[in-house]
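Here the structure is a predicted model, which means the values were calculated and not measured.
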Amino acid sequence: QVQLVESGGGLVQAGASLRLSCVASGRTFSSYVMGWFRRAPGTEREFVAAISGSGGITDYTDSVKGRFTISRDNAKNTVYLQMNSLKPEDTAVYYCASDLRPRYGGSWWPRADSGSWGQGTQVTVSS
């Protein structure tokens, strides 16, 4: 399993942008499907975005399509989440995760035996 460390969260006004970063340890980063998830207060953790090992394929939950962009730099062992046009409903703790597999229903989730989670970074969007 890899170690994941997120950064880039903060407090912004509605309509602003933020870029989250997630740095991974280990030498097999480029072989993992990576992703971002979030958990708002009182809700369960939900899938936000995923990216293939090469970066050529991405997937998003419907609520962020057209506003969020996931990308990765395998030379830096880093995955990013560019968040534009932020809304108050985007307020949540955002988590990076590794070794995702597709789930029934169209989302993704880390493999139970080999996936990893970061510690999370808080994003707060004020109206």
Step through the shown structure and confirm whether more than 12 heavy atoms of other residues, nucleotides or ligands are within 6.0 Å of CD on Gln3.
no

Considering only residues two or more places apart or on different chains, which pairs with a residue in residues 1-18 satisfy salt bridge (charged side-chain N to carboxylate O under 4.0 Å, His left out)?
none

Determine which pairs satisfy disulfide bond (SG atoms under 2.5 Å apart) with at least one residue from residues 43-83, sequence neighbours left out, and list them in order.
none

Taking every heavy atom of Pro110 against every heavy atom of Ser98, the minimum-distance pair comes out as CB-O, 3.6 Å

Test side-chain hydrogen bond (donor to acceptor under 3.5 Å, both in side chains) applied to Ser52 - qualifying residues, sequence neighbours left out:
none

Between Lys87 and Asp90, does any side-chain N to carboxylate O distance fall below 4.0 Å?
no

Heavy atoms of Ser127 and Pro88 approach each other most closely as CB-CG, 3.9 Å

How would you list all residue pairs meeting disulfide bond (SG atoms under 2.5 Å apart) that involve residues 98-127, not counting sequence neighbours?
none

Is there any salt bridge (charged side-chain N to carboxylate O under 4.0 Å, His left out) pair reaching into residues 68-78, and which pairs are they, with sequence neighbours excluded?
none

Can you run down the disulfide bond (SG atoms under 2.5 Å apart) pairs that involve residues 76-127, sequence neighbours left out, and say none if there aren't any?
Cys22-Cys96

Do Thr124 side-chain atoms and Leu11 backbone N/O form a donor-acceptor pair below 3.5 Å?
no

Test side-chain hydrogen bond (donor to acceptor under 3.5 Å, both in side chains) applied to Ser63 - qualifying residues, sequence neighbours left out:
Arg38

Hydrophobic cluster partners of Phe47 (side-chain heavy atoms under 4.5 Å)
Val33, Phe37, Val93, Tyr95, Leu100, Trp108, Trp109, Trp117

Salt bridge (charged side-chain N to carboxylate O under 4.0 Å, His left out) contacts touching residues 110-127 (sequence neighbours left out)
Arg111-Asp113

Tracing side-chain links under 4.5 Å among I, L, V, M, F, W and Y, which residues wind up in one group with Met34?
Val2, Leu4, Val12, Leu18, Leu20, Phe29, Tyr32, Trp36, Val48, Ile51, Tyr60, Val64, Phe68, Ile70, Val79, Leu81, Met83, Leu86, Tyr94, Val123, Val125

Mind checking what makes salt bridge (Lys or Arg N to Asp or Glu O under 4.0 Å) contact with Arg19, not counting sequence neighbours?
none

Any donor-acceptor N/O pair, Arg45 side chain to Arg39 backbone, under 3.5 Å
no

What residues form a side-chain hydrogen bond (donor to acceptor under 3.5 Å, both in side chains) with Ser114, not counting sequence neighbours?
Asp99

